[in-house]
2 protein chains.
Amino acid sequence: MQRYKEFGLKLTPQRLSILAFLENNKSHPTAEDIYRHIAKKFPTMSLATVYKTLETLKARGRIKEITIDAEKRHFDPETGRHHHAICTGCKKIVDIFMDFDLSAADTDLRGFEITGSHVEFYGLCPDCRKTTTANKR
Amino acid sequence: MQRYKEFGLKLTPQRLSILAFLENNKSHPTAEDIYRHIAKKFPTMSLATVYKTLETLKARGRIKEITIDAEKRHFDPETGRHHHAICTGCKKIVDIFMDFDLSAADTDLRGFEITGSHVEFYGLCPDCRKTTTANKR
DNA sequence: CTGGCTGCAAATCTTTTGCATCCTG
DNA sequence: CAGGATGCAAAAGATTTGCAGCCAG
C-alpha cells in the first residue's frame, strides 16, 4: 500500500496484515486480539512480532494506547482527539467523538504543562443492559 | 481504630498498617509501593496479603483503582469524585479536584447507561519541566 | 548487501491462587 | 472455636528480550 511508504519502516507481510487489521478498526483490540485474528491466515505470525510492531507504530504516533482497562493494553488506530466509554459488564470500549470543555483546568493544574487529556466513561452498554435487566427478578 | 469497625472485616495488624499507610495518602501507590513501605517495619508482611486486602477494600468501596498507568495498578484512598493528571516524565499522578461539564455526553453515549466518568490529563509535572528544560541545549 | 524484522524460547513483571496455619471477633 | 486472614510458594497472564536467521529496500 502506497500510503504506508511514508511510515519509514519496512513493509513486511506481517506488518501489512497488522496494518490492514487496524485500518478502520473500532474494536480497540489488544495485542492478543490482533494476533489471534491474523494467525488464522498467517500461521507463522508471532505474538512477539505483534507487540514489537505495536510498539513501533505507537512510537511513531500511528496508533494510540488506551489505558482504561487494567487487565490488558488496548490499541486504537484512531489518533485524533476523542474519548471512550467502557462497559463495566463486557469490557467493550467504544469511541466518543465529542468535545468537552475542560478549560476549567487551565486555572490550576498543579503546575503541570498539559499535553493531552482524555475523558473516560463507565457504564453498561446496550447489550449488557438487556442481560442485566433480564437477570433481575 | 474505632472508625474501621464499620468496615465489617477483621482488623489484623497487617490490615491496620495498610489502612494507616493509605490514610490521607496522595501518592496513588501501587501494591508494591505499599508492600515496600510496610515491610520495613513489618517484615512478615506478604505482597499477596497486600493484594488481597486491596481487593477487599476496593470491593467495599473504600478505595478506588486508577487505570491511568498501563505499567501497573495504582490505588487511591480518595473515593470522592475527582480526576487525575499523570506526568509523562516521572509517571507521578496528582489529584485534580475540579468539576468539568461533561453533560454534552448526555445526548449521545452510544446507548450506554453511564455510572461514572473520569478525566485524565497528561503532561509534565513541575519537577520534570525543570529537568527537561535543563537538558535542552 | 545490510540493517531492520521475524519468530522462537526464555525471561521478566505483575497479579492471582492454593493451601496449611494462624488469630480476630 | 469458627471462619476469615496470612504467608508462602507456585501458577497464571501479559509483555519484553535475546538472538540466530531472514528478507525488504
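Proteins come first, then strands; the chains are lettered A, B, ... in the order of their sequence lines, and each starts at number 1. These figures come from a predicted structure and were not determined experimentally.
None of B:Leu22, B:Thr53, B:Leu19, B:Thr56 except one satisfies the side chain to side chain contact (heavy atoms under 4.5 Å, CB included) rule with B:Ile63; the exception is B:Leu22.
Taken from CZ in A:Phe100 to CZ in B:Phe100, the straight-line distance is 12.5 Å, to the nearest 0.5 Å. Distance check, rounded to the nearest 0.5 Å: NZ of A:Lys91 to CG of A:Asp69 gives 7.0 Å. Taken to the nearest 0.5 Å, the CG atom of A:Leu47 stands 10.5 Å off from the NZ atom of A:Lys52.
Atom CG in A:Leu16 sits about 11 Å away from atom C1' in D:dA24, given to the nearest Å. If you measure from atom CG of A:Leu19 to atom C1' of C:dC5, you get 14 Å, rounded to the nearest angstrom. Atom P of nucleotide D:dA14 and atom CD of A:Glu55 are separated by 18 Å, given to the nearest angstrom. Summarising the geometry, the separation between CD on A:Glu71 and C1' on D:dA12 is reported as 13 Å, rounded to the nearest angstrom. When the C1' atom of D:dG25 is taken as reference, atom CG of A:Leu11 falls 10 Å away, rounded to whole Å. Put simply, NE2 on A:His74 is 12 Å from C1' on D:dA14, counting in whole angstrom units. Between B:Asp69 atom CG and C:dC13 atom P the separation is 16 Å, expressed in whole Å. Between B:Glu65 atom CD and C:dT15 atom P there is a gap of 8 Å when expressed in whole angstrom units.
In this structure the side chain of B:Leu124 never reaches within 4.5 angstrom of the side chain of A:Thr115, judged on heavy atoms. When side chains are defined from C-beta on, A:Lys26 counts as touching A:Asp95, because their heavy atoms get closer than 4.5 Å.
Note on ring orientation: taking the six-membered ring where Trp is involved, the planes of A:His28 and A:His84 are perpendicular (angle over 60°, cut-offs 30° and 60°). The aromatic rings of B:His83 and B:His118 sit parallel to each other, their planes meeting at less than 30°, with 60° as the upper class boundary.
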Which nucleotides of nucleotides 4-11 of chain D have their base under 4.0 Å from a protein heavy atom (B), which only their sugar-phosphate (S), and which neither (-), written as one string 5' to 3'?
BSSBB---
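A sub-4.0 Å separation between OP1 or OP2 of C:dT14 and a side-chain N or O of A:Arg73 is absent. Considering only side-chain N and O atoms, B:Tyr51 lies nowhere under 4.0 angstrom from the phosphate OP1 or OP2 of C:dT16.
Rounded to 10 degrees, the angle between the two end axes of the helix from C:dC1-D:dG25 to C:dG25-D:dC1 is 40°, with five pairs used at each end.
Every residue two or more places apart in sequence or in another chain was checked for a salt bridge (charged side-chain N to carboxylate O under 4.0 Å, His left out) with A:Arg15, and none qualifies.
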